[in-house]
Amino acid sequence: MTGENMHPRINSVLQRQTAGEKVEVAGWVRTRRDTGGFSFLEVNDGSCLANLQIIADKTLENYEQDVKRLTTGCSVRVEGTLQKSPAKGQAVELLASRIEVVGWADPEQYPLQKKRHSFEFLREITHLRPRTNALGAVARVRSRLSFAVHSFFQQKGFIQVHTPIITTSDCEGAGEMFQVTTARPHAGTGKGGLEEEFFGRRAGLTVSGQLQAEVYALALGNVYTFGPTFRAENSNTSRHLAEFWMIEPEMAFCDLHGNMRIAEEMLKYCLRDVMLNCPEDMDLFDRFIEKGLLAKLRNVTDLDFAHITYSEAVETLLSCGKTFEFAVQWGIDLQSEHERYLSEEVYKRPLIVTDYPAAIKPFYMRVNDDGRTVAAMDILVPGVGEIVGGSQREERYDVLESRMRAAGIDPAEYGWYLDLRRYGSAPHAGFGLGFERLVQFVTGMANIREVIPFPRTPGFAPC
RNA sequence: UCCUCGGUAGCUCAGCCGGUAGAGCAGGUGGCUGUUAACCACCUUGUCGGCGGUUCGAAUCCGUCCCGGGGAGCCA
């Protein structure tokens, strides 16, 4: 065999009822236990959380030379007969007729032990951590969530748009851009101007696909992007990454209410999908990562999200009798402690805050009739905080242009963006959903660095 | 980036009123048992985060840098 990956995966093997069936599996040894005349091997191939228990009898020709030397991390290929397991813990097990050691893992060197490891330690071995129960489960759930995002939008007729990774337009307010350039900083020629720039102008990695998504929304109606996003902020928190994935739907002929409806529907769809399709992994998170996780998620899928305007939020915070470290006042941005109080103590479920002061929000958000607020919405979830940020976009040319000037942005630089308002403008709205924050919320993982395979943070990008 | 706590064996941590280290787990060897965080006995392991300073002497005190946790800011 081989290159073809012909063997069944362990998740399907464990489903089978038919004892006596011959099967071959391949995977990594999690542990070996010896008993009188044979050994138990637990083999995991990543297809599911559960291991397949292998019965390795000492009559196997390589029992002494190979099987007895197997340790955590070794890769094996096992051929045998499926049988009902007489002991608790598993319904079926594989009575091996042949065990081939594919790759050894020196137990004195291999960093993973058959014991619990801290996530901080596992982060130092990014290349090995998916072999653990928790990180493997995160990978499967993340994959399923990604699939759910696509199914949700595809079922609703949204068209996926691949917005550029390299961009020359900064989505104002979204954070620092990583520079992309071919120019050598120390060429020694004295040169170094824009003529050396590959694109002839400053370019960077995208901080948001929104502006380009708007282009396609105003042509195709409902679109979404789902791609990597980069922020060169010196952020050191459990919910920020320098490279993360963002989902950004953009809908033409849609207002803030339609925007909020889609966001809520989408979040509920994703949670239901992953609870239905990853029950074992979700159970692991519920038991070991965040007690009560499943109840929390069901609470989200079963209840309507709470709604409050920024002004109402300010009133609530002012009259609740609680003292906050940062004083509340209309016009200032809500602090973490304020958001947390509202979502975790007052509403105890996802909370949508709308209509923020225009002064604290980006130029592209649509100005409300009161002239001082914009049609913005943030969705706050208990534990993670802001998971969605969105708005109805300013579709009125004159208003948009004056807001750009007020924000110190040269309208000439954004001619293409203004054109969307000049020709066949239409109300439209959209939002950004931080994919890793969604994975965090769904898995209960405390640190965002555990929900992306290869986290990038200030000073950290090992492989 | 700011505040705060921490960095000691492969991992998790104790030792920190200065006198050059210890436990549990992991690993090794042997035994036992349809085992499943297996069990029992014995054994091994350390630039005490880096650099500099104080001191007869520093894991321990001081400075600085790096890294991690918690909180904050930025946001998704």
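In this text the structure is predicted, and so the values were computed from the model without any measurement. Chain A is the first sequence line, chain B the second, and so forth, proteins listed ahead of strands; every chain is numbered from 1.
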Option passing salt bridge (charged side-chain N to carboxylate O under 4.0 Å, His left out) with A/R129 (candidates A/E450, A/E124, A/E120): A/E450

Sugar-phosphate only, base, or nothing, as touched by A/Q440 at under 4.0 Å among non-hydrogen atoms: nothing

Aromatic plane relationship, A/W330 with A/Y310 - under 30° parallel, 30 to 60° tilted, over 60° perpendicular: perpendicular

Test item: A/Y347 and A/I308 side chains (from C-beta on) under 4.5 Å apart, heavy atoms: yes

Test: A/R142 and A/E436 ion pair at under 4.0 Å: yes

Interatomic distance, A/N133 CG vs B/A37 P [rounded to whole Å]: 12 Å

side-chain N/O A/K115 vs B/G24 OP1/OP2, d < 4.0 Å: no

Heavy-atom side-chain contact between A/D281 and A/R144 under 4.5 Å: no

Nucleic acid contacts of residues 46-58 of chain A, taken as heavy-atom distances under 4.0 Å to RNA chain B: A/Q53, A/I55

Nucleotides 65-72 of chain B: protein proximity per nucleotide (B base, S sugar-phosphate only, - neither; heavy atom, under 4.0 Å): ---SSS-B

Is_stacked (A/F244, B/A76) at 5.5 Å, 30 deg: yes

Touch class at under 4.0 angstrom, heavy-atom based, for A/F38 against every strand present: base

Paired nucleotide for B/C61 [Watson-Crick or G-U wobble; both distances under 3.5 Å]: B/G53

Centroid-centroid under 6.0 Å between A/F153 and A/F226 rings: no

Phosphate OP1/OP2 of B/A38: any A/R33 side-chain N/O under 4.0 Å: yes

Minimal non-hydrogen separation, A/D34 against A/Y63, with atom names: OD1-OH, 4.4 Å

Gap between atoms CZ and C1', on A/F230 and B/C74 respectively (whole Å): 18 Å

Close side-chain approach of A/W104 and A/D66, heavy atoms under 4.5 Å: yes

Closest-nucleotide ordering on RNA chain B, the 5'-leading residue of A/E386 and A/K84: A/K84

Side chains of A/E250 and A/Y216, donor plus acceptor under 3.5 Å: no

Sugar-phosphate only, base, or nothing, as touched by A/P86 at under 4.0 Å among non-hydrogen atoms: base

G-U wobble or Watson-Crick pairing nucleotide for B/U35 (cut-off 3.5 Å, both distances): none

Touch class at under 4.0 angstrom, heavy-atom based, for A/T229 against every strand present: nothing

Minimum-distance nucleotide to A/M246 side chain [options: B/G28, B/A76, B/G34]: B/A76

Rounded distance (Å) that lies between atom C1' of B/C11 and atom CD1 of A/I125: 10 Å

Interatomic distance, A/L334 CG vs B/G73 P [rounded to whole Å]: 11 Å

Mate of B/G27 where both pairing distances stay under 3.5 Å, Watson-Crick or G-U: B/C43

Gap between atoms CZ and P, on A/R437 and B/A76 respectively (whole Å): 8 Å

Sugar-phosphate only, base, or nothing, as touched by A/L241 at under 4.0 Å among non-hydrogen atoms: base

Modelled atom types, side-chain donor and acceptor of A/S391 and A/R393, under 3.5 Å: yes

